[in-house]
Amino acid sequence: MSATAQPHDDQPLRMADVIYPDWPPPLEIEPQQSEPARPTKADPFANAWTADRLMAEEFAPPRWAVPSLIPEGLSLLAGAPKAGKSWLALNLALGIAAGGRVLGEVAVDAGEVLYLALEDTPRRLQSRMGKILGAEPAPAGLTLLTEFPTLPGGGADAIRGWLDTRPNARMVVIDVFAKMRGETPSGISPYDADYLAMGRAKSIADTYGIAVVLVHHLRKMAADDFTAELSGTNGIVGAADTIMALKRPRGEADGVLHITGRDVDEAERAMRFDSDNGTWELLAGAAVDHTLHRTRASILAYLRQFPGASPKAISDALGDDRDTIRRTCARMADDGQLRRRDGGRYFPPDTGTVPGVPESQTLL
(Lines give C-alpha, C1' and ligand atoms only; values in the text may rest on other atoms or scores of the structure.)
Protein backbone atom coordinates (compact mmCIF):
# COMPACT_ATOMS: atom_id res chain seq x y z
CA MET A 1 0.00 0.00 0.00
CA SER A 2 1.20 3.47 -0.80
CA ALA A 3 2.63 5.41 2.06
CA THR A 4 0.59 8.36 1.04
CA ALA A 5 -2.69 6.48 1.35
CA GLN A 6 -3.26 5.31 4.95
CA PRO A 7 -6.96 4.69 5.48
CA HIS A 8 -8.40 4.42 8.93
CA ASP A 9 -8.66 0.82 10.21
CA ASP A 10 -12.40 0.91 10.09
CA GLN A 11 -12.66 2.37 6.57
CA PRO A 12 -12.16 0.41 3.36
CA LEU A 13 -9.50 1.53 0.96
CA ARG A 14 -10.95 3.38 -1.99
CA MET A 15 -9.43 3.75 -5.45
CA ALA A 16 -9.81 7.53 -5.16
CA ASP A 17 -7.65 7.50 -2.03
CA VAL A 18 -4.86 5.99 -4.07
CA ILE A 19 -5.23 8.05 -7.24
CA TYR A 20 -6.33 11.33 -5.59
CA PRO A 21 -4.87 11.21 -2.11
CA ASP A 22 -5.51 15.00 -1.56
CA TRP A 23 -9.11 14.90 -2.69
CA PRO A 24 -11.27 16.79 -2.07
CA PRO A 25 -9.23 19.98 -2.41
CA PRO A 26 -9.55 22.62 0.26
CA LEU A 27 -12.39 25.10 -0.29
CA GLU A 28 -11.06 28.35 -1.76
CA ILE A 29 -12.85 31.48 -0.61
CA GLU A 30 -12.63 34.38 -3.07
CA PRO A 31 -11.74 37.69 -1.47
CA GLN A 32 -14.65 40.10 -1.28
CA GLN A 33 -14.40 42.75 -3.96
CA SER A 34 -15.10 46.33 -3.06
CA GLU A 35 -17.74 48.29 -4.97
CA PRO A 36 -16.42 50.44 -7.81
CA ALA A 37 -15.95 54.07 -6.90
CA ARG A 38 -18.83 56.25 -7.91
CA PRO A 39 -17.97 59.03 -10.37
CA THR A 40 -17.76 62.45 -8.82
CA LYS A 41 -20.70 64.60 -9.84
CA ALA A 42 -19.88 67.89 -11.52
CA ASP A 43 -20.80 70.92 -9.47
CA PRO A 44 -23.48 72.81 -11.44
CA PHE A 45 -22.50 75.99 -9.60
CA ALA A 46 -18.78 75.77 -10.43
CA ASN A 47 -19.08 78.50 -13.08
CA ALA A 48 -21.68 80.64 -11.34
CA TRP A 49 -21.34 84.41 -11.25
CA THR A 50 -22.45 86.81 -8.60
CA ALA A 51 -23.89 89.99 -10.06
CA ASP A 52 -21.08 92.19 -8.73
CA ARG A 53 -18.34 89.91 -10.07
CA LEU A 54 -20.01 89.68 -13.45
CA MET A 55 -20.30 93.45 -13.72
CA ALA A 56 -16.66 93.86 -12.73
CA GLU A 57 -15.38 91.34 -15.28
CA GLU A 58 -13.78 92.63 -18.50
CA PHE A 59 -14.66 90.59 -21.57
CA ALA A 60 -13.11 90.82 -25.00
CA PRO A 61 -15.50 92.37 -27.53
CA PRO A 62 -17.10 89.96 -30.01
CA ARG A 63 -15.17 89.27 -33.19
CA TRP A 64 -16.98 90.45 -36.30
CA ALA A 65 -16.82 88.77 -39.66
CA VAL A 66 -18.71 91.80 -41.02
CA PRO A 67 -18.99 94.69 -38.53
CA SER A 68 -22.57 95.51 -37.47
CA LEU A 69 -23.86 92.64 -39.59
CA ILE A 70 -22.28 89.25 -38.85
CA PRO A 71 -20.67 88.75 -35.42
CA GLU A 72 -19.11 85.57 -34.13
CA GLY A 73 -21.70 82.91 -33.40
CA LEU A 74 -24.37 81.20 -35.46
CA SER A 75 -26.02 83.30 -38.17
CA LEU A 76 -28.84 82.53 -40.58
CA LEU A 77 -28.95 84.10 -44.03
CA ALA A 78 -32.39 83.34 -45.42
CA GLY A 79 -34.20 84.25 -48.60
CA ALA A 80 -36.61 83.01 -51.19
CA PRO A 81 -35.25 80.85 -54.02
CA LYS A 82 -33.27 82.91 -56.53
CA ALA A 83 -33.38 86.01 -54.31
CA GLY A 84 -29.60 86.25 -54.51
CA LYS A 85 -28.63 84.93 -51.07
CA SER A 86 -25.91 82.64 -52.46
CA TRP A 87 -24.48 85.55 -54.44
CA LEU A 88 -24.49 87.58 -51.22
CA ALA A 89 -22.78 84.80 -49.25
CA LEU A 90 -20.09 84.42 -51.93
CA ASN A 91 -19.55 88.22 -51.97
CA LEU A 92 -18.94 88.16 -48.23
CA ALA A 93 -16.69 85.09 -48.37
CA LEU A 94 -14.45 86.57 -51.07
CA GLY A 95 -14.28 89.94 -49.35
CA ILE A 96 -13.32 88.54 -45.95
CA ALA A 97 -10.75 86.14 -47.41
CA ALA A 98 -9.11 89.03 -49.25
CA GLY A 99 -9.64 91.75 -46.64
CA GLY A 100 -10.73 95.26 -47.52
CA ARG A 101 -14.39 96.17 -48.06
CA VAL A 102 -17.58 94.23 -48.61
CA LEU A 103 -21.02 95.43 -49.74
CA GLY A 104 -19.43 98.57 -51.10
CA GLU A 105 -18.76 100.27 -47.77
CA VAL A 106 -18.03 97.92 -44.86
CA ALA A 107 -14.35 97.43 -43.93
CA VAL A 108 -13.51 93.88 -42.85
CA ASP A 109 -10.42 92.19 -41.43
CA ALA A 110 -8.87 89.51 -43.58
CA GLY A 111 -9.20 85.90 -42.45
CA GLU A 112 -9.61 82.45 -43.88
CA VAL A 113 -13.09 81.35 -44.94
CA LEU A 114 -14.55 77.90 -45.56
CA TYR A 115 -17.43 77.95 -48.06
CA LEU A 116 -19.47 74.76 -48.50
CA ALA A 117 -21.39 75.47 -51.72
CA LEU A 118 -23.46 72.31 -51.72
CA GLU A 119 -25.94 73.37 -54.40
CA ASP A 120 -23.28 74.50 -56.87
CA THR A 121 -20.70 72.95 -59.15
CA PRO A 122 -17.04 73.96 -59.47
CA ARG A 123 -17.79 75.39 -62.91
CA ARG A 124 -20.62 77.60 -61.60
CA LEU A 125 -18.50 78.78 -58.69
CA GLN A 126 -15.68 79.67 -61.05
CA SER A 127 -18.09 81.65 -63.24
CA ARG A 128 -19.59 83.55 -60.31
CA MET A 129 -16.23 84.35 -58.73
CA GLY A 130 -14.96 85.59 -62.09
CA LYS A 131 -17.86 88.04 -62.24
CA ILE A 132 -17.39 89.28 -58.70
CA LEU A 133 -13.61 89.55 -58.77
CA GLY A 134 -13.22 91.10 -62.21
CA ALA A 135 -9.53 91.88 -62.55
CA GLU A 136 -8.79 91.25 -58.87
CA PRO A 137 -6.84 88.08 -57.97
CA ALA A 138 -8.69 85.26 -56.25
CA PRO A 139 -7.82 85.07 -52.53
CA ALA A 140 -5.95 81.97 -51.41
CA GLY A 141 -7.68 82.23 -48.03
CA LEU A 142 -11.02 81.00 -49.38
CA THR A 143 -11.52 77.22 -49.37
CA LEU A 144 -14.49 75.91 -51.38
CA LEU A 145 -16.14 72.51 -51.53
CA THR A 146 -19.25 71.36 -53.38
CA GLU A 147 -19.60 68.03 -51.55
CA PHE A 148 -19.36 67.42 -47.82
CA PRO A 149 -20.69 64.98 -45.21
CA THR A 150 -23.59 66.01 -43.01
CA LEU A 151 -22.82 67.52 -39.62
CA PRO A 152 -23.74 64.35 -37.66
CA GLY A 153 -22.18 62.17 -40.35
CA GLY A 154 -18.64 63.45 -39.85
CA GLY A 155 -19.03 66.96 -41.25
CA ALA A 156 -18.84 68.68 -37.87
CA ASP A 157 -15.61 66.88 -36.99
CA ALA A 158 -14.15 67.69 -40.42
CA ILE A 159 -14.92 71.41 -39.98
CA ARG A 160 -13.33 71.34 -36.53
CA GLY A 161 -10.24 69.72 -38.00
CA TRP A 162 -10.04 72.44 -40.66
CA LEU A 163 -10.35 75.14 -38.00
CA ASP A 164 -7.73 73.50 -35.75
CA THR A 165 -5.07 74.19 -38.38
CA ARG A 166 -6.27 77.71 -39.24
CA PRO A 167 -6.22 80.02 -36.22
CA ASN A 168 -6.86 83.01 -38.52
CA ALA A 169 -10.19 81.64 -39.76
CA ARG A 170 -13.09 84.09 -39.47
CA MET A 171 -16.09 82.48 -41.12
CA VAL A 172 -17.64 79.19 -42.25
CA VAL A 173 -20.53 79.31 -44.74
CA ILE A 174 -22.85 76.32 -45.20
CA ASP A 175 -24.94 76.78 -48.34
CA VAL A 176 -27.50 75.36 -47.81
CA PHE A 177 -28.18 74.20 -44.27
CA ALA A 178 -30.70 71.57 -45.40
CA LYS A 179 -27.88 69.66 -47.11
CA MET A 180 -25.82 69.46 -43.90
CA ARG A 181 -28.28 69.00 -41.05
CA GLY A 182 -28.56 65.21 -41.49
CA GLU A 183 -31.49 62.90 -40.85
CA THR A 184 -34.01 63.77 -38.17
CA PRO A 185 -33.74 61.40 -35.20
CA SER A 186 -36.85 59.35 -34.56
CA GLY A 187 -38.98 59.98 -31.52
CA ILE A 188 -38.36 63.70 -31.05
CA SER A 189 -40.53 66.68 -31.91
CA PRO A 190 -39.88 68.84 -34.98
CA TYR A 191 -38.88 71.72 -32.69
CA ASP A 192 -36.33 69.58 -30.84
CA ALA A 193 -35.02 68.20 -34.14
CA ASP A 194 -34.47 71.72 -35.52
CA TYR A 195 -32.82 72.91 -32.31
CA LEU A 196 -30.55 69.86 -32.22
CA ALA A 197 -29.49 70.35 -35.84
CA MET A 198 -28.77 74.04 -35.28
CA GLY A 199 -26.90 73.23 -32.08
CA ARG A 200 -24.30 71.19 -33.94
CA ALA A 201 -23.34 74.23 -36.00
CA LYS A 202 -23.59 76.62 -33.04
CA SER A 203 -21.21 74.46 -31.02
CA ILE A 204 -18.54 74.95 -33.69
CA ALA A 205 -19.08 78.72 -33.76
CA ASP A 206 -18.93 79.05 -29.97
CA THR A 207 -15.91 76.77 -29.53
CA TYR A 208 -13.75 78.56 -32.09
CA GLY A 209 -15.12 82.10 -31.70
CA ILE A 210 -15.93 82.47 -35.40
CA ALA A 211 -18.99 83.21 -37.51
CA VAL A 212 -20.84 80.20 -38.90
CA VAL A 213 -23.38 81.31 -41.52
CA LEU A 214 -26.16 78.93 -42.54
CA VAL A 215 -27.88 79.78 -45.82
CA HIS A 216 -31.56 78.94 -45.40
CA HIS A 217 -34.94 79.33 -47.09
CA LEU A 218 -37.98 81.51 -46.40
CA ARG A 219 -41.52 80.25 -46.60
CA LYS A 220 -43.76 81.50 -49.39
CA MET A 221 -46.28 82.76 -46.83
CA ALA A 222 -45.55 86.32 -45.68
CA ALA A 223 -45.74 87.35 -42.01
CA ASP A 224 -45.58 90.55 -39.99
CA ASP A 225 -42.43 89.27 -38.26
CA PHE A 226 -39.86 88.20 -40.82
CA THR A 227 -38.45 85.56 -38.46
CA ALA A 228 -41.81 83.76 -38.73
CA GLU A 229 -41.13 83.32 -42.45
CA LEU A 230 -38.11 81.07 -41.88
CA SER A 231 -38.59 77.52 -43.07
CA GLY A 232 -38.91 75.15 -40.10
CA THR A 233 -40.02 75.56 -36.51
CA ASN A 234 -39.12 78.12 -33.87
CA GLY A 235 -36.23 75.83 -32.99
CA ILE A 236 -34.43 77.35 -35.99
CA VAL A 237 -35.08 80.89 -34.76
CA GLY A 238 -34.31 80.14 -31.12
CA ALA A 239 -30.90 78.59 -31.74
CA ALA A 240 -29.56 81.32 -34.05
CA ASP A 241 -27.55 84.23 -32.66
CA THR A 242 -28.17 86.43 -35.71
CA ILE A 243 -30.92 86.22 -38.34
CA MET A 244 -30.81 87.94 -41.72
CA ALA A 245 -33.59 87.72 -44.30
CA LEU A 246 -32.96 88.97 -47.83
CA LYS A 247 -36.11 90.04 -49.67
CA ARG A 248 -36.02 91.13 -53.28
CA PRO A 249 -38.99 91.25 -55.67
CA ARG A 250 -38.49 89.03 -58.67
CA GLY A 251 -36.78 90.88 -61.51
CA GLU A 252 -35.84 93.94 -59.43
CA ALA A 253 -32.38 95.04 -58.42
CA ASP A 254 -33.26 96.60 -55.08
CA GLY A 255 -33.95 94.51 -52.01
CA VAL A 256 -34.08 94.77 -48.23
CA LEU A 257 -31.92 92.89 -45.75
CA HIS A 258 -33.82 92.43 -42.47
CA ILE A 259 -31.50 91.92 -39.49
CA THR A 260 -32.03 90.94 -35.86
CA GLY A 261 -29.99 89.11 -33.25
CA ARG A 262 -28.36 88.98 -29.85
CA ASP A 263 -25.32 91.10 -30.69
CA VAL A 264 -26.65 93.22 -33.58
CA ASP A 265 -29.07 96.11 -33.68
CA GLU A 266 -32.37 95.31 -35.33
CA ALA A 267 -32.36 97.02 -38.70
CA GLU A 268 -33.51 96.96 -42.29
CA ARG A 269 -30.93 97.87 -44.90
CA ALA A 270 -31.64 98.64 -48.50
CA MET A 271 -29.42 96.73 -50.91
CA ARG A 272 -28.87 96.61 -54.64
CA PHE A 273 -27.71 93.71 -56.78
CA ASP A 274 -25.61 94.46 -59.85
CA SER A 275 -26.20 91.57 -62.22
CA ASP A 276 -23.34 92.68 -64.48
CA ASN A 277 -20.65 92.04 -61.87
CA GLY A 278 -22.55 89.84 -59.42
CA THR A 279 -22.10 92.18 -56.45
CA TRP A 280 -24.36 93.34 -53.66
CA GLU A 281 -24.01 96.80 -52.12
CA LEU A 282 -25.69 98.60 -49.26
CA LEU A 283 -27.71 101.69 -50.16
CA ALA A 284 -27.95 104.87 -48.14
CA GLY A 285 -31.22 106.02 -46.63
CA ALA A 286 -34.36 104.31 -45.45
CA ALA A 287 -35.12 100.96 -46.98
CA VAL A 288 -38.63 102.05 -47.94
CA ASP A 289 -37.22 104.79 -50.17
CA HIS A 290 -35.74 102.13 -52.41
CA THR A 291 -38.59 99.64 -52.43
CA LEU A 292 -41.67 101.84 -52.86
CA HIS A 293 -43.05 102.49 -56.29
CA ARG A 294 -41.29 105.49 -57.85
CA THR A 295 -44.23 107.87 -57.30
CA ARG A 296 -44.68 106.87 -53.65
CA ALA A 297 -40.96 107.06 -52.98
CA SER A 298 -40.80 110.56 -54.49
CA ILE A 299 -43.74 111.75 -52.39
CA LEU A 300 -42.24 110.38 -49.18
CA ALA A 301 -38.84 111.92 -49.95
CA TYR A 302 -40.46 115.31 -50.59
CA LEU A 303 -42.50 115.19 -47.37
CA ARG A 304 -39.39 114.37 -45.35
CA GLN A 305 -38.05 117.74 -46.51
CA PHE A 306 -41.37 119.61 -46.44
CA PRO A 307 -43.74 117.98 -43.92
CA GLY A 308 -47.32 119.20 -44.05
CA ALA A 309 -47.37 119.83 -47.79
CA SER A 310 -50.60 119.52 -49.74
CA PRO A 311 -51.05 117.30 -52.80
CA LYS A 312 -51.01 120.47 -54.95
CA ALA A 313 -47.65 121.54 -53.54
CA ILE A 314 -46.25 118.04 -53.98
CA SER A 315 -47.54 117.88 -57.56
CA ASP A 316 -46.05 121.24 -58.43
CA ALA A 317 -42.69 120.27 -56.93
CA LEU A 318 -42.49 116.85 -58.56
CA GLY A 319 -44.05 117.86 -61.85
CA ASP A 320 -46.51 114.95 -61.73
CA ASP A 321 -50.23 114.94 -62.47
CA ARG A 322 -52.09 116.54 -59.54
CA ASP A 323 -54.92 114.03 -59.47
CA THR A 324 -52.45 111.15 -59.49
CA ILE A 325 -50.56 112.70 -56.57
CA ARG A 326 -53.77 113.29 -54.63
CA ARG A 327 -54.95 109.68 -55.05
CA THR A 328 -51.49 108.29 -54.28
CA CYS A 329 -51.21 110.35 -51.08
CA ALA A 330 -54.62 109.08 -49.96
CA ARG A 331 -53.59 105.46 -50.61
CA MET A 332 -50.30 105.93 -48.79
CA ALA A 333 -52.16 107.27 -45.77
CA ASP A 334 -54.48 104.26 -45.86
CA ASP A 335 -51.44 101.98 -46.05
CA GLY A 336 -49.79 103.67 -43.07
CA GLN A 337 -46.99 105.19 -45.14
CA LEU A 338 -48.11 108.79 -44.51
CA ARG A 339 -50.08 110.74 -41.88
CA ARG A 340 -52.99 112.81 -43.05
CA ARG A 341 -54.13 115.90 -41.14
CA ASP A 342 -57.24 118.02 -41.45
CA GLY A 343 -57.07 120.27 -44.44
CA GLY A 344 -55.62 117.56 -46.66
CA ARG A 345 -52.01 118.03 -45.59
CA TYR A 346 -49.62 115.08 -45.33
CA PHE A 347 -46.70 114.25 -43.09
CA PRO A 348 -44.16 111.45 -42.84
CA PRO A 349 -45.44 108.62 -40.66
CA ASP A 350 -45.28 108.55 -36.89
CA THR A 351 -43.12 106.11 -34.93
CA GLY A 352 -42.24 103.25 -37.19
CA THR A 353 -45.52 102.86 -39.05
CA VAL A 354 -43.96 102.62 -42.48
CA PRO A 355 -43.59 98.92 -43.27
CA GLY A 356 -39.88 98.14 -43.34
CA VAL A 357 -38.60 101.42 -41.82
CA PRO A 358 -37.08 101.69 -38.32
CA GLU A 359 -38.39 104.49 -36.13
CA SER A 360 -35.17 106.47 -36.36
CA GLN A 361 -35.55 106.65 -40.13
CA THR A 362 -39.20 107.69 -40.19
CA LEU A 363 -38.82 110.80 -38.04
CA LEU A 364 -37.36 114.04 -39.35
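The pair E105-R269 counts as a salt bridge, with a side-chain nitrogen and a carboxylate oxygen less than 4.0 angstrom apart. Checked for salt-bridge contact, R340 and D334 meet the test: a charged N lies under 4.0 Å from a carboxylate O.
A 4.5 Å side-chain heavy-atom check between C329 and I325 finds at least one atom pair inside the cut-off. Within the 4.5 Å cutoff, no side-chain heavy atoms of L151 are placed close to those of R181. With contacts defined as side-chain heavy-atom distances shorter than 4.5 Å, the pair I132/W87 qualifies. For the pair D274/E281, no side-chain contact is recorded, criterion being any heavy-atom separation below 4.5 Å from C-beta on. M180 has its side chain within reach of I159: a pair of non-hydrogen atoms, C-beta onward, lies under 4.5 Å apart. Within the 4.5 Å cutoff, the side chain of F226 has heavy atoms near those of the K247 side chain. Looking at heavy atoms from C-beta onward, R272 lies out of side-chain contact with W280 at the 4.5 angstrom threshold. When side chains are defined from C-beta on, W64 does not count as touching E72, because their heavy atoms never get closer than 4.5 Å.
Other residues, nucleotides and ligands contribute only 12 or fewer heavy atoms inside 6.0 Å of the CZ atom of F45. Other residues, nucleotides and ligands contribute more than 12 heavy atoms inside 6.0 Å of the CD atom of E119. Annotation for D265: atom CG does not count as buried by contact number, only 12 or fewer foreign heavy atoms lying within 6.0 Å. The 12-atom threshold is not exceeded at CD of E183, counting heavy atoms of other residues, nucleotides or ligands nearer than 6.0 Å.
Within the model, atoms CD1 of I204 and CG of L114 stand 9.5 Å from one another, a figure rounded to the nearest 0.5 Å. Here CG of L125 is found 6.5 Å from CG of L90. Values are rounded to the nearest 0.5 Å. Rounding to the nearest 0.5 Å places CE of M198 at 7.5 Å from NE2 of H216. Atom OG1 of T242 and atom CE of M244 lie 6.5 Å apart (nearest 0.5 Å). From I314, atom CD1 reaches atom CG of L300 across 10.0 Å, with rounding to the nearest 0.5 Å. Of the inter-residue distances, the one linking K202 atom NZ with T207 atom OG1 reads 10.0 Å to the nearest 0.5 angstrom.
Hydrophobic clustering keeps V172 apart from L69 (ILVMFWY residues linked when any side-chain heavy atoms are closer than 4.5 Å, directly or through intermediates). By the criterion of side-chain heavy atoms lying less than 4.5 angstrom apart, applied directly or through intervening Ile, Leu, Val, Met, Phe, Trp or Tyr residues, L163 is not grouped with L142; the two fall into different hydrophobic clusters. In this structure, L118 is not a member of the same hydrophobic cluster as L94, with clusters built from ILVMFWY side-chain heavy atoms closer than 4.5 Å. Hydrophobic clustering, with ILVMFWY side chains joined whenever heavy atoms are under 4.5 angstrom apart, keeps L230 apart from V215. Residues V106 and I96 share a single hydrophobic cluster, defined by chaining ILVMFWY side chains whose heavy atoms lie under 4.5 Å apart.
Using a distance-only test at 3.5 Å, with no hydrogens or angles considered, no donor-acceptor pair links the side chain of R248 to the main chain of G255. Put simply, the side chain of R339 never gets that close to the backbone of A333: no donor and acceptor are under 3.5 Å apart. Put simply, the side chain of T328 gets close to the backbone of T324: a donor and an acceptor are under 3.5 Å apart.
Summarising the geometry of P185 relative to L196, their closest heavy-atom pair is CG-CD2, 3.9 Å, with the distance given to 0.1 Å. When all heavy atoms of P348 and P307 are compared, the closest pair comes out as CD-CB, 3.9 Å. Shortest non-hydrogen contact noted between G182 and P152 is CA-CG, 4.0 Å. Shortest non-hydrogen contact noted between R262 and A240 is NH1-O, 2.9 Å. Taking all atoms of both residues into account, the shortest heavy-atom contact from A83 to L246 is O-CD2, 3.8 Å. The two atoms that bring V108 and P67 nearest to each other are CG1-CD, 3.9 Å, heavy atoms only.
Between Y191 and Y195, the ring-plane angle classifies as parallel under the 30° and 60° cut-offs.
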Task: Worked verdict on L77 versus L214 for side-chain contact (heavy atoms from CB on, under 4.5 Å) - done: CA-CA 6 Å; L77 172 58; L214 308 179; over 6 Å; no

Open item on the list: Set out, in order, the CA-CA distance, both residues' side-chain angles and the distance that settles side-chain contact (heavy atoms from CB on, under 4.5 Å) for L257 and I259, then state yes or no.
Closed with: CA-CA 6 Å; L257 186 66; I259 309 161; 4.1 Å; yes

- [ ] Show the numbers, then the answer: is there a side-chain contact (heavy atoms from CB on, under 4.5 Å) between V213 and M171?
- [x] CA-CA 7 Å; V213 179; M171 187 169 72; 3.9 Å; yes

Task: Criterion side-chain contact (heavy atoms from CB on, under 4.5 Å) on E147 and L116, from CA distance to verdict - done: CA-CA 7 Å; E147 296 180 357; L116 305 179; over 6 Å; no

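Taking the ring centre of F347 as origin, the terminal cationic atom of R341 falls inside the region bounded by 6.0 Å and 45° from the ring axis.
With 3.5 Å as the limit, one finds no donor-acceptor pair spanning the side chains of T279 and N91. A donor-acceptor pair shorter than 3.5 Å can be found between the side chains of D175 and S86.
Annotation: side-chain hydrogen bond (donor to acceptor under 3.5 Å, both in side chains) contacts involving residues 158-170, sequence neighbours excluded, comprise E112-R166, R160-S203, D164-Y208.
When each of L74, V173, D241 is tested with V212 by the rule side-chain contact (heavy atoms from CB on, under 4.5 Å), just one qualifies, namely L74.
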